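Structure first, commentary second.
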Amino acid sequence: MSELYDGLNPYLITDRLPVSIIGTDIDYYDTLSSTNDVAREKARNGVAEGLVVLAGEQTKSRGRHQREWKSPSGNIALSVVLYPDVKRLSYLVMMAALSVCRAVEDITGLKPEIKWPNDVLVHGRKVCGILIENELKNGACAAVVGIGINVRINPADYQDIAGTATSLENEAGRDISRVDMVRNLLVNLDALYNRADDSDTFIEWREKLVTLGKPVSVMWNDTRLDGIAESVDESGVLEIRTQDGTLHTVIAGDVTLRQSTSGK
Ligand code: BTN
């Protein structure tokens, strides 16, 4: 689809958008270093909750664990400023991944899955990464929820992610409107944020987890843990059973699905 018909026009996105917090206001930039960096700066200055920082492309986009995130034009890169109470922080991970899944399913008809904690996959390849960063200021908490969705990227053009990533257009085999995607995503984020104590969100998130019941390796700092991903609790903590029968709880890390079924 040409940029002319699918420019990320913030007025088209917010026009009669049924939201009450997330997406009531959008700051749009054609090019930006990182939407998370700009959103964090705005949060430090006390901007209103729900502001979305949206970029056509990013030049210094960051992923989890200080990795680079590819963010050329044609994809979606946005960050939302929130001021949740501390007990809701873990909920943001589920809320963000689930909202992306709903938007992908509604707009493309594809069936996305979640790799714990919040990578969104289509046909086993990553289409979306989520980076949540928190700021504590005078005892109050600001959270920036950064979401990057591969819409138009051709993974074959990027050697380092060619085998693990994909894009919505690549999988759907047709043009996907970024305006429709962003509108749907914001409506879902807003709806889920407004009922943050609802355990249905956790249940829906857990049902989409491709990780459960599978042999996995988890890397956390320099430590590697191999076992079976047995369960998740309501705060999103992953429980892994190693071959000696011990149950380990994992609150953060990088999960790789393994082929073996031995649990070794
Ligand atoms: C990951 O899977 O490693 C997370 C990737 C997060 C990328 C998004 S794009 C919008 C926001 N701005 C950034 O600099 N990063 C996040």
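Keep in mind that this is a model prediction, so the values were computed, not measured. Counting convention: from 1, in listed order, for ligands and their atoms alike.
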Side-chain ion pair, [X] and [Y], N-O less than 4.0 Å:
X: Arg102; Y: Glu204; result: yes
X: Glu41; Y: Arg44; result: yes
X: Glu68; Y: Lys70; result: yes
X: Asp200; Y: Arg195; result: no

So, does [X] sit close enough to ligand 1 that a heavy atom of it is under 4.0 Å from the ligand?
X: Asn118; result: no
X: Ser79; result: yes
X: Arg67; result: no
X: Lys126; result: yes

Checklist entry - Does one hydrophobic cluster hold both Val47 and Val144, with members joined at side-chain heavy-atom distances below 4.5 Å? => result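 Result: no, two separate clusters.
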
Please list the nearest protein heavy atom to [atom] with its residue and the distance rounded to 0.1 Å.
atom: atom 15 (N) of ligand 1; answer: Arg62 O, 2.7 Å
atom: atom 9 (S) of ligand 1; answer: Gln58 NE2, 3.4 Å
atom: atom 8 (C) of ligand 1; answer: Gly148 N, 3.7 Å
atom: atom 3 (O) of ligand 1; answer: Arg64 N, 2.7 Å
atom: atom 10 (C) of ligand 1; answer: Thr35 OG1, 3.2 Å

Considering the heavy atoms of [X], write down every atom of ligand 1 situated less than 4.0 Å from one of them.
X: Ser34; answer: 12 (N), 13 (C), 14 (O)
X: Leu78; answer: 10 (C)
X: Ile147; answer: 8 (C), 9 (S), 10 (C)
X: Gly63; answer: 1 (C), 3 (O), 4 (C), 5 (C)

Next on the checklist: If we set the cut-off at 4.0 Å for heavy atoms, which region of His65 has an atom near ligand 1: side chain, backbone, both, or neither?
Outcome noted: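 Answer for His65: neither.
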
Next on the checklist: Taking 4.0 Å as the limit for heavy-atom contacts, which would you say applies to Asp37 with ligand 1: side chain only, backbone only, both, or neither?
Outcome noted: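 Neither part.
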
Item to check | Arg62 vs Glu133, salt bridge (Lys or Arg N to Asp or Glu O under 4.0 Å): CA-CA, chis, key distance, verdict | outcome: CA-CA 11 Å; Arg62 291 180 288 109; Glu133 298 181 302; 2.7 Å; yes

Item to check | Side-chain touch Val52/Val182, heavy atoms, less than 4.5 angstrom | outcome: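 Answer no - side chains too far apart.
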
How many angstroms lie between [atom1] in [X] and [atom2] in [Y], if you round to the nearest 0.5 Å?
X: Ile203; Y: Leu98; atom1: CD1; atom2: CG; result: 11.5 Å
X: Trp205; Y: Leu192; atom1: CH2; atom2: CG; result: 13.5 Å
X: Arg125; Y: Thr164; atom1: CZ; atom2: OG1; result: 7.5 Å

Item to check | side-chain hydrogen bond (donor to acceptor under 3.5 Å, both in side chains) between Tyr83 and Asp85, worked out | outcome: CA-CA 7 Å; Tyr83 303 111; Asp85 49 41; over 6 Å; no

Checklist entry - Does the N or O separation between Trp69 and ligand 1 drop below 3.5 Å for any pair? => result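 N/O-N/O distance below 3.5 Å does not exist for this pair.
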
Next on the checklist: Below 3.5 Å, N or O to N or O, backbone or side chain included: is there any such pair between Lys60 and ligand 1?
Outcome noted: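 No, there is no polar N/O contact under 3.5 Å.
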
